[in-house]
Amino acid sequence: MTSSARPLLNRRLAEFGTTIFAEMSALALQTGSINLGQGFPDTDGPDEVREAAVRALRDGHGNQYPPGPGIPELRGAVAAHQRRRYGLSYDPDREVLVTAGATEAIAASLLALLEPGDEVIAFEPYYDSYAACIAMAGGTRVPVTLRPDDDGFRLNLDELRDAVTDRTRLLLINSPHNPTGTVLTREELTAIAELAVERDLLVVTDEVYEHLVFDDAEHLPLATFPGMRERTVTIGSAGKSFSFTGWKVGWVTGAPDLVAAVRSAKQFLTYVASGPFQYAVAEALRLPDSYFADFRADMLAKRDLLAGGLEQAGFKVFRPAGTYFITTDIRPLGESDGFTFCRALPERCGVVAIPNAVFYDHREQGAPFVRFAFCKRTGVLEEAASRLKTLAA
Ligand SMILES: *Cc1c(COP(=O)(O)O)cnc(C)c1O
């Protein structure tokens, strides 16, 4: 402690003091609950990818500082992946940057591209690090609320257009979207791209769930739309695409000037990270299409298992078109406040979930919504579904 009365945590970060995830995970432990709060898989990704990491470690690949932009093998694999899947071509030397997970990619992008006072438009509810990173960069966040209809949470394009001012520097887009599971359509992405071009905005697009889209939904990278390649920073994550969230390997693709700017910030954050894992992820990105198809099919089955259980328990379920998460409405259960509900849920039936209100500036908009993660083993989801069913009784 210091003797001054001044708070230790600076004003920019004061509102982000503690996260709900810590509170809810502690509650899960205390009560022996199934933790469907935090979004990480409870099984590891492909054996051959894990073995590639072991091999890299043993062979002395990446045990010392890897090159600042990432190892050439991984930058080449990222570029090949973007070309193979989306027809986007990036120069591995000037247009690809490896980061310490998507988290660092987001932080470095915002720290690099924002001046204090710049406005950043982001969808609300938003991934929790967006608000903190905008604040660290001295920017001002301008939320545009995704609003629920029967199908799910949708973007209102008029509200998005109205949110742009002369101070807007950047659109921070996330599709597939955490926590709602919304996947932006071709029409929505076209409108976003037109707006960005018309108002000369930069775009940072968080596409970490690019491989987790379900049913008829299709992931269309924003960088493929007209006028977007030169103004868009695209972010990916090996944690999410290969189920190794602890490895913290992510990447950025974009035009050379954008990537150079992001690299300037990134070099003073971690400088480099995850040496041996970079070799393994380079192999993972070259896995055949069947890996990605099986991954998606597995997660789709898990989504349907948990969605069915939640419906039987009495929740209104917004069946997600992508991601690890299901957002529910608790009002059919006679509840209205997600915080109260989530704090009581472990005692009531031994399951932990997250109140979506934490992802909102306008907390009242998110009050009745609660998020459950389905990236868990089938047996765990079955047990959670059977516990949740006691709510309906
Ligand atoms: C998990 C997640 C991230 C962070 O990814 P890491 O690679 O683990 O840092 C970023 N954005 C969204 C939307 C996420 O859900």
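Just so you know, ligand 1 is whichever comes first in the structure, and atom 1 is the first atom listed for that ligand. Since the model is a prediction, treat every value here as computed from it, not as a measurement.
Using a cutoff of 4.0 Å between basic side-chain nitrogens and carboxylate oxygens, Arg319 and Asp215 are not scored as salt-bridged.
Geometric assessment of Arg303 against the ring of Phe374 yields a negative cation-pi assignment under the 6.0 Å and 45° thresholds.
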Could you go through ligand 1 and note, for every N or O atom, any protein N or O atom closer than 3.5 angstrom, writing the atom names and distance to 0.1 Å, or 'none'?
from	atom 1	to	atom 2	distance (Å)
ligand 1	7 (O)	Ala102	N	2.8
ligand 1	7 (O)	Ser237	OG	2.7
ligand 1	8 (O)	Lys248	NZ	3.4
ligand 1	9 (O)	Ala102	N	3.0
ligand 1	9 (O)	Thr103	N	2.9
ligand 1	9 (O)	Thr103	OG1	2.6
ligand 1	9 (O)	Lys248	NZ	2.7
ligand 1	11 (N)	Asp206	OD2	2.6
ligand 1	15 (O)	Asn178	ND2	3.0
ligand 1	15 (O)	Tyr209	OH	2.6
ligand 1	15 (O)	Lys240	NZ	3.1

Quiz: residues 187-202 side-chain donor-acceptor pairs under 3.5 angstrom, not counting sequence neighbours:
from	atom 1	to	atom 2	distance (Å)
Glu188	OE1	Arg154	NH2	3.0
Glu188	OE1	Thr185	N	2.9
Glu188	OE1	Thr185	OG1	3.3
Glu188	OE2	Arg154	NE	3.3
Glu188	OE2	Arg154	NH2	3.4
Thr190	OG1	Arg186	O	2.6
Asp200	OD1	Arg231	NH1	3.1

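You'll find the side chain of Lys376 reaches within 4.5 Å of the side chain of Phe40, heavy atoms only.
The stretch residues 30-41 participates, sequence neighbours left out, in no salt bridge (charged side-chain N to carboxylate O under 4.0 Å, His left out) pair at all.
For Arg343, the side-chain contact (heavy atoms from CB on, under 4.5 Å) partners at least two apart in sequence or on another chain are Ile20, Glu23, Met24, Phe339.
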